[in-house]
Amino acid sequence: MVDLFLGKVLVKNNKDRDELDTEREINLRLQNRILMLFFGSGECEKCQDFAPTLKDFYKKLTDEFYVERSAQLVLLYISLDSSEEQQEKFLKELPKRCLFLPYEDPYRKELGVMFEVQDLPRVVVLRPDCSVLTPDAVAEICTLGPDCYRNWQEGAELIDRNFMMNEEFDEGKMRSMTDPIRRVKYKVEDKKKKKNNKKDDDDEDGNGGGGPWG
């Protein structure tokens with residue numbers, strides 16, 4: 001996934017238009033995630049109709065108001081608008097958490113050719129290794145809603161972040177699935193050990209714990 005956008009600039013659809021322009025930033029944002037490439041245009045009536053559905057779909061999977069933990073999902077708008085003004089206008093209809101390519105970047109059109117995009121709207125779903133999971137998910141999103149993600153997650157064989165420490169996830173290292181169990185076990189054993197040691201110390205100091213009047 002990361003290789004597909006190395007050397008590119010990805011822009012956040014927020015007020016400040018923050019840019020991801022380093023390999024590390026792009027790697028952290030895209031690593032071990034399913035990527036939705038949304039090819040569309042504000043001039044396309046079908047795209048305008050689909051935008052609210054897509055926005056609701058993405059929010060219900062990534063917004064903490066709806067889910068306890070955000071889905072490992074990234075939405076990237078690939079603009080096929082005829083002007084930058086049109087692109088900016090249409091971005092207002094899309095989730096603030098999504099990303100997009102700058103209008104002046106010709107890579108937008110290259111991606112359209114790469115994924116053989118002819119009709120709009122089009123949502124190409126990619127696995128973390130850049131292989132195509134679903135060539136066009138528009139109908140699936142409209143009919144199944146957020147339930148689509150369960151199918152995608154299984155098909156993409158994502159590594160569940162529940163079994164990864166934050167710093168290890170950032171470095172791309174996988175934890176053992178039994179680590180959480182072992183940590184709980186060892187934590188309990190450590191508590192028992194400390195308690196027994198404390199009891200032994202008390203017995204030595206007090207000759208059996210009875211104190212000077214025992």
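Within the 4.5 Å cutoff, the side chain of Val11 has no heavy atoms near those of the Leu99 side chain. The closest side-chain heavy-atom distance from Leu10 to Phe100 is not below 4.5 Å. Here the side chains of Asp136 and Val124 are not in contact, with every heavy-atom distance at 4.5 Å or above. You'll find the side chain of Glu43 reaches within 4.5 Å of the side chain of Ser82, heavy atoms only.
Between Glu84 and Arg108 no salt bridge is recorded (no basic side-chain N to carboxylate O distance below 4.0 Å). Between Arg17 and Glu88 there is a salt bridge, since at least one side-chain N of the basic residue sits less than 4.0 Å from a carboxylate O of the acidic one.
Atom CD of Glu64 is surrounded by more than 12 heavy atoms from other residues, nucleotides or ligands within 6.0 Å. Residue Lys8 places its NZ atom among more than 12 non-hydrogen atoms of other residues, nucleotides or ligands, all under 6.0 Å distant. Residue Glu104 places its CD atom among more than 12 non-hydrogen atoms of other residues, nucleotides or ligands, all under 6.0 Å distant.
Not counting sequence neighbours, Arg29 has no partner by the salt bridge (charged side-chain N to carboxylate O under 4.0 Å, His left out) test.
Between the side chains of Asn151 and Asp147, not a single donor N or O lies within less than 3.5 Å of an accepting N or O.
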Subject >> Criterion side-chain contact (heavy atoms from CB on, under 4.5 Å) on Leu126 and Leu37, from CA distance to verdict >> reply: CA-CA 8 Å; Leu126 301 179; Leu37 298 180; 3.8 Å; yes
Subject >> Test log, rule side-chain contact (heavy atoms from CB on, under 4.5 Å), inputs Leu101 and Leu111 >> reply: CA-CA 11 Å; Leu101 285 165; Leu111 287 169; 3.8 Å; yes
**OP:** Report the C-alpha separation of Leu30 and Phe5 in whole Å, then their side-chain angles, then the decisive distance to 0.1 Å, and conclude whether the side-chain contact (heavy atoms from CB on, under 4.5 Å) test is met.
**Re:** CA-CA 9 Å; Leu30 301 183; Phe5 293 99; 3.9 Å; yes
Subject >> Step-by-step ring pair (Phe, Tyr, Trp, His ring centres under 6.0 Å) determination, Tyr149 to Phe57 >> reply: CA-CA 10 Å; Tyr149 178 71; Phe57 171 85; 8.4 Å; no
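Under a hydrophobic clustering in which Ile, Leu, Val, Met, Phe, Trp and Tyr are joined whenever their side-chain heavy atoms come within less than 4.5 Å, directly or via other members, Val132 and Phe39 fall into the same cluster. Neither Tyr103 nor Leu76 shares a network with the other; the hydrophobic side chains, linked directly or stepwise wherever heavy atoms of I, L, V, M, F, W or Y lie under 4.5 Å apart, form separate groups for each. Residues Met114 and Leu35 fall within the same hydrophobic cluster, defined by Ile, Leu, Val, Met, Phe, Trp and Tyr side chains chained together at heavy-atom separations under 4.5 Å.
Looking at Asp105, its side chain never comes within 3.5 Å of a backbone N or O of Val9 through a donor-acceptor pair. Between the Ser131 side chain and the Arg127 main chain, no donor and acceptor come within less than 3.5 Å of each other. Side chain of Arg97 to backbone of Lys12: no donor-acceptor contact under 3.5 angstrom is found. A donor-acceptor pair under 3.5 Å is absent between the side-chain atoms of Asp81 and the main chain of Glu85, judged by distance alone. Glu25 places a side-chain N or O within donor-acceptor distance of the main-chain N or O of Asp21, the cut-off being under 3.5 Å. At distances below 3.5 Å, not a single donor-acceptor pair connects side-chain atoms of Tyr107 with backbone N or O atoms of Pro102. Side chain of Arg33 to backbone of Gln31: a donor-acceptor contact under 3.5 angstrom is found.
Across every non-hydrogen atom of Val123 and Phe50, the tightest pair is CG2-CE2, 3.8 Å. The heavy-atom pair separating Asp49 from Thr53 by the smallest distance is O-OG1, 4.3 Å. Residues Leu75 and Tyr58 share a closest heavy-atom pair of N-OH, 3.4 Å. In terms of heavy atoms, Gln72 sits closest to Asn32 at NE2-ND2, 2.9 Å. Residues Lys55 and Lys92 share a closest heavy-atom pair of NZ-O, 4.4 Å. Looking at every heavy atom in both residues, Trp152 comes nearest to Met36 through CZ3-SD, 4.0 Å.
Here CD of Gln153 is found 10.0 Å from CG of Leu61. Values are rounded to the nearest 0.5 Å. Separating the CG atom in Asn14 from the SG atom in Cys98 is a distance of 9.5 Å, to the nearest 0.5 Å. For the atom pair CG of Asp63 and NZ of Lys96, the computed distance is 11.0 Å after rounding to the nearest 0.5 Å. The line from CD of Glu23 to CD1 of Ile26 is 8.5 Å long, rounded to the nearest 0.5 Å. Note: Gln118 CD to Arg122 CZ = 8.0 Å, rounded to the nearest 0.5 Å. Atom SG of Cys47 sits about 8.0 Å away from atom CG of Leu80, to the nearest 0.5 Å.
Phe90 and Tyr77 have their aromatic ring centers within a separation under 6.0 angstrom.
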